[in-house]
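Everything on this sheet refers to the single structure shown next.
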Amino acid sequence: MKGATIGISGITKSFGDFQALKGVSLDIRKGEFFSLLGPSGCGKTTLLRIIGGFEEPSSGRVEIDGEDILPLPPNMRHANTVFQNYALFPHLTVYENVAFPLRLKSIKRKSLDELVMYYLRLVELDGHAAKRPSMLSGGQKQRVAIARALINEPSVLLLDEPLSALDAKLRHHMLMELDQIHDKVGITFVYVTHDQSEALSVSDRIAVMDRGNVLQVGTPREIYESPSTTFVAQFIGETNIIDGTIESSGGRWFVVDAGGMGRVKVTDPRGYRVGDRVTLTVRPEKLRITPLGMAATEDSNSFVGTVDESVYSGFLSKYYVRLESGAVMRVFRQHGDQGEGEGLGWDDRVCVSWNPRDTFIVEGARG
Amino acid sequence: MSGPKRRRKRNYGTIYTLPLVVWFTLFFLVPLLIIVLFSFLAADIDGGVLPRFSIAAFTGLAKPRILKLFVNTIWVSLASTAITILMALPCAYFMARSKNKTMLLILVIIPFWTNFIIRIFAWKSILEANGVINSVLMGIGLVASPLQLEHNWAAVILINVYTYLTYAILPLFSTIEKFDFTLLEAAQDLGATKMQAITKVLLPNVRSGIVTAVFFTFIPLLGSFVVQQLIGTKDMYMLGNEINDNIYKYFDWPTAYALAVALMMLANVGLVFVMMSERKQARTLGARRVDEAAA
């Protein structure tokens, strides 16, 4: 059995007065690398623990391949977990840690050895079989945990912030390895993380969670390019938020009156009409920054401002531009872009502009 | 440059442990040597020893009566220890997982504040013919005449267990408290039942606590005599009673000392056994490391 679908419907969970999950429904596809992304306390780990069988939901239903799994204890579920702190058995060697699930079944010695060595090779730890977990580095421990979780050939692998204890460079490396392992074994991965860049880089789909709710489910591109709420927009990378009212429609775009800032053009009204109050978002890297005086095309949104601050951070520079209305816009400019905006510094008067296509309405209220 | 500095640092360790060395030499090693020495001397008629070498105290132990005391001592101590550990383990486990650890710890320690003899008399007043249990049983008409609840093996073992439960709970609690309970979740996640998770993951990881608890219980039990005297019968006497009697009743000090030496040997057998198994474990681990280095 390779990979399974997970159906989650109407899951709620309360700890005393605290509502950790407020009716979560999700459909995870067969063989998918699915991420639960959100800040700490959003309920993502609780949801994972419910799937794993370590927490009982207050209400709702969880199905794996259509079978209701909530009545089953953890050891009867076709889901294995990679725990945040690895949870390796300190009294056993790497080999015995990986062999642990098999030792519980009656498996012939020879095939047990073959299986253990196969999974140790998969995570490139066959040379460390005789070591105790305490003798391993963080990344190696992580791989033992993965091999151990995979050896039962589960149809679902649950990963609870598996990389959070590793340093940045190793984390990136392990993430790529995880992705390769996912491709090799082909089972469903449910990956819990608070790190949006992790989620964006490996997931097939992401569910963004906040305060016990799922705010948006979509591919990394969908989540990043067209966030459904202000929270999602701000949580996934940096962004600019503009509040305003739809003033007119017609022609190629809708015009939003953003108060003192002026007028912002939007192409997709997302069902809102003239008179509705809306919140807009535009990603900093979509903005162009040019010295004042260079003519902006009539098709773009463009505003005049002063560079409040500029931060050089490796492959890009970040500019914080104060517009005449007082609003601050973030502009990211990647180095190597045709020298545009080169040499801009503090207090320079600049023009900030972007294509109306890159502006999205994330929230709104009927006016 | 760093040489002398480091050496001076190492010397501090000796200085720090000096009081302990002096203390143990004076108050442990010297008395121990006196016990061994006196066991090889002849008995004086009114207690004490005569300065004359003799192995009479040891040869005198080869009697069926003494052999029976050895048997009693070993099986009562083993049975009491086994029951104590089996009861202390779940207790320590729930204490370690509780939110009110300090409270529970205090509750476990409170009986210590009462004198040991008084606690045994409290048990007597519960078990005796007109004691609490019999009064209740007869009051509700369940039995016509009082049950014989004391002066039997069960009563002796019951009170042994009661006495040493705390000594077993404390070391178990302190090791289980340090145990990472997500390991139990991991074991269950990997296919273990709750019971398998406990036997295959929890127990091996709290082994040191179990060993300590066994020693804290088994070794004092080997030398115990008060419980048998107050709750048991003469048939249930153990080596501790015989030592006591030889000092206070028969004024035969060398025999008392010879028994004490025999008792120490008995305790050491257990100790050596455990140490050997630990060393074996360390050796296999070391061997594996060598194998791996070769590979």
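Below, read A as the first sequence line, B as the second, and so on, with proteins coming before strands; counting in each chain starts at 1.
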For A:A79, which atoms come within 4.5 Å of any heavy atom of chain B: side chain, backbone, both, or neither? backbone
Is it the case that over 12 heavy atoms from other parts of the model lie below 6.0 angstrom from the CH2 atom of B:W23? no
Heavy-atom pair with the smallest gap, counting every atom of B:V201 and A:H91: CA-CE1, 4.0 Å
A:I151 versus chain B, heavy atoms under 4.5 Å apart: side chain, backbone, both or neither? neither
So with a 6.0 Å cut-off around CZ of A:F15, is the heavy-atom count from everything else above 12? yes
Please determine, among A:A87, A:A149, A:P73, A:G52, the option with the most heavy-atom pairs under 4.5 Å with chain B. A:A87
Region of A:R49 in contact with chain B, defined by heavy-atom distances below 4.5 Å: side chain
Straight-line distance of B:K200 NZ to A:F100 CZ, nearest 0.5 Å: 7.0 Å
Taking heavy atoms only and a threshold strictly under 4.5 Å, list by residue number the residues of residues 179-199 of chain B that touch chain A; give 'none' if the list is empty. B:D180, B:T182, B:L183, B:E185, B:A186, B:A187, B:Q188, B:D189, B:L190, B:G191, B:A192, B:T193, B:Q196
Which of residues 82-110 of chain B get closer than 4.5 angstrom to chain A, counting heavy atoms alone? none
Proximal component of A:N152, with respect to chain B [non-hydrogen, under 4.5 Å]: side chain
